[in-house]
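The structure under discussion appears below in the form of structure tokens.
Just so you know, ligand 1 is whichever comes first in the structure, and atom 1 is the first atom listed for that ligand. Since we're looking at a predicted model, the values are computed, not measured.
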Amino acid sequence: MTTALLMTLDLLAAVLAAATWLGAGVAAASHRLRTALALLAAAVLASLARTGVVFGLASAGWWFAQEKVTVALPLLLVTGVAATALAGPRLVRAARSPSGDGAAVSPAVVVSLLGAGYAAAGGLAGTLLIGYPATLSTALVTVAAVAGAMLITWRIVAGPGRSPRVAIAITLVTGLAGTGLAFFPSPEMDDGREVALSHSGMGHLAMAAGSPVTPVGRPVTSLRGPDAPATGGAVRRYTLSAGTATITLSSGQKVAAWTFNGRVPGPPITANVGDLVEVRLRNTDIRSGVTLHWHGYDVPSGEDGVPGLTQEAVLPGQEFVYRFLADRPGTFWYHTHEVSDLGVRMGLYGTLIVGPPSAGVDLTLPVHTFGGKTVVGDHDQPIDQRVSPGTPVRLRLVNTDNTPHRFALSGTPYRLVAVDGTDLNGPGELDRTALRLPAGGRYDLAFTMPAGRDVVLNTDDRTPSVRLTRQASASAAEEDTKAWPDLDLTTYGTPAATPITSADRFDRRFTLVLDRGLSLAGGRPMYAYTVNGHAFPSIPTEMVSQGDLVLLTVVNRSRDIHPWHLHGHRVLVLSRDGRAPTGSPLWLDTFDLQPGEVWTVAFRATNPGLWMNHCHNLIHADQGMALHLAYEGVTTPFHGAHGG
Ligand code: C2O
Ligand code: CU
């Protein structure tokens with residue numbers, strides 16, 4: 001059974017348990033004793049079912065079950081056993097008695113049944129609203145809420161009079177202690193030197209104690225690119241002016257957009273290895289400001305374009321010049337990082353291709369959603385291109401959206417030769433196999449134009465995006481690609497030696513548990529996208545030293561897909577759900593975590609600076625799912641509590 005399925009079953013069982021316990025209490029209160037008895041039996045079964053599912057989840061990974069095992073189940077167990085012991089025999093007796101329904105039951109029966117219902121509902125609320133990890137504070141507040149609800153129920157059912165002192169005491173003590181602990185400051189850093197956020201769920205408290213002392217260091221603004229290209233290289237100069245404009249898609253449809261140089265996507269930036277790329281960014285009228293981030297290109301930190309961290313956002317009338325050496329070939333892209341959720345969606349992005357370009361036809365295809373339409377470049381209609389048979393073709397797919405796209409190439413076998421700008425090792429021939437490209441990711445496809453057929457690339461199994469035809473007039477046949485299997489990257493290509501293996505000794509280990517919960521994201525209270533129970537900017541910064549070997553374990557216990565993206569470094573995939581890749585080594589800058597998945601990835605810290613580490617569903621990032629990874633000794637003169 002997959003972890004995602006277990007997560008769904010757990011929710012079902014939790015809802016069922018809460019509903020049946022509460023239902024039993026209500027039935028008892030309204031003297032429908034046979035119904036109450038039946039619901040009590042169902043509640044016991046549902047509670048046992050939830051217990052079983054939680055143990056299943058715990059064996060998939062402690063992160064999936066921590067708050068359930070430490071808070072929800074103990075609460076359910078205590079109240080459920082008490083309710084069964086108290087109410088069970090009386091309901092059986094009453095139901096057997098000739099008068100049957102209608103007999104009066106004591107307040108204790110009603111309150112105990114409802115109490116188990118409150119506990120079940122409290123556990124469910126804990127999973128949905130707080131998630132991972134439950135802390136001592138959240139545990140106490142949950143207990144207080146359940147005890148308080150029982151007290152109020154007691155007053156209603158038993159009428160005015162003396163309320164049980166124990167219940168009052170429990171409510172007050174746990175409520176006050178829990179609320180007090182919530183104000184305990186959470187740590188600002190995670191040095192990754194111990195298992196991050198200990199499994200006890202009290203990790204926050206334990207780690208608040210000693211923050212490492214930061215040595216006097218280098219400001220991130222001094223970590224800039226060179227002034228000159230490598231020997232033999234050229235200087236590639238670009239000026240990008242950000243401004244609002246109305247753009248015209250290929251169909252003639254007009255769309256209000258935020259643009260670089262009046263176009264969407266922005267001008268393609270190209271260079272060859274050895275060149276110096278120099279981009280002058282100007283802002284005409286984007287009021288919130290703009291920056292340029294070179295997605296997947298590991299530029300020096302001061303060129304990384306993260307507002308408030310590596311530079312200030314460029315406001316209207318201002319400019320900023322980026323310089324970096326084109327030091328490796330591949331398919332990349334750039335985008336604004338200020339209010340990037342809105343900015344990228346509105347059009348502030350473009351492609352960055354480092355060559356040499358391949359011989360034959362070489363097409364760069366950035367895919368974006370505009371007004372509900374899938375647009376490739378500025379085409380909202382198929383791109384038609386004539387290609388003569390025998391021509392080598394390279395298609396560079398770039399997903400600039402927040403969610404994955406599924407691509408299917410029909411008419412020819414092909415190879416997936418590069419992912420995220422890195423060549424795969426020994427990529428085999430693929431046929432009638434679709435590719436799911438994560439948000440922010442890139443795939444390079446290569447094939448030779450066949451003599452017998454036209455070639456069609458379609459996106460999300462709908463309209464074709466690109467038609468490569470042998471004759472100007474030919475109309476390419478469309479295939480139904482929905483049933484094609486998706487390529488599993490972890491089994492594709494040929495293994496090769498890697499500079500990092502899971503047997504290595506890691507200097508730092510960080511665990512990121514992705515979830516949802518009530519939190520403050522950038523000061524706004526919301527149902528945030530959280531990492532280890534926190535939202536940006538209160539997720540502890542991951543600290544590394546130059547040269548460290550770093551292991552990241554990323555766990556998705558939410559019901560959303562999260563395309564994880566670390567700035568400044570490519571990461572090597574070590575495992576997905578405990579299984580190491582069996583194909584080509586996979587170096588990625590953006591990897592999709594499906595619900596329930598656990599990935600371990602590693603990198604060598606060789607690019608000193610201050611880096612964002614975030615979900616590339618930029619809506620999620622905006623609502624909390626972002627943190628910093630910092631090298632010891634690198635400082636920022638900016639406020640730091642921002643990442644766009
Ligand atoms: Cu393309 Cu911080 O991201
Ligand atoms: Cu996400």
Has His614 got an N, O or S atom lying less than 2.8 Å from atom 2 (Cu) of ligand 1? yes
I'd like the atom name of the N/O/S atom in His562 lying closest to the Cu ion (ligand 2). ND1
Let me check your reading of the structure: within less than 2.8 Å of the Cu ion (ligand 2), is there an N/O/S atom from His616? no
The angle formed at the Cu ion (ligand 2) by SG of Cys615 and ND1 of His620 is about (to 10 degrees) 130°
Ring centres under 6.0 Å, that's the criterion: do His335 and Tyr349 meet it? no
Suppose we only allow N, O or S atoms; which atom of His295 ends up nearest to atom 1 (Cu) of ligand 1? ND1
Please confirm whether the ring centroid of Phe320 lies under 6.0 Å from the ring centroid of Tyr322. yes
Mind checking whether atom 1 (Cu) of ligand 1 has an N, O or S of His616 under 2.8 Å? yes
Taking the six-membered ring for Trp, are His628 and Phe536 closer than 6.0 Å centroid to centroid? yes
Aromatic rings Phe603 and His569: how do their planes relate, parallel, tilted or perpendicular, breaks at 30° and 60°? tilted
Tell me, please, if His565 has any N/O/S atom, main chain or side chain, under 2.8 Å from atom 1 (Cu) of ligand 1? no
Ring-ring centroid check His567 His614, cutoff 6.0 Å: yes
Please state whether the separation between atom 2 (Cu) of ligand 1 and some N/O/S atom of His567 is under 2.8 Å? yes
Given the side-chain rings of Tyr443 and Phe407, with only the six-membered ring counted for Trp, is the space between their centroids under 6.0 Å? no
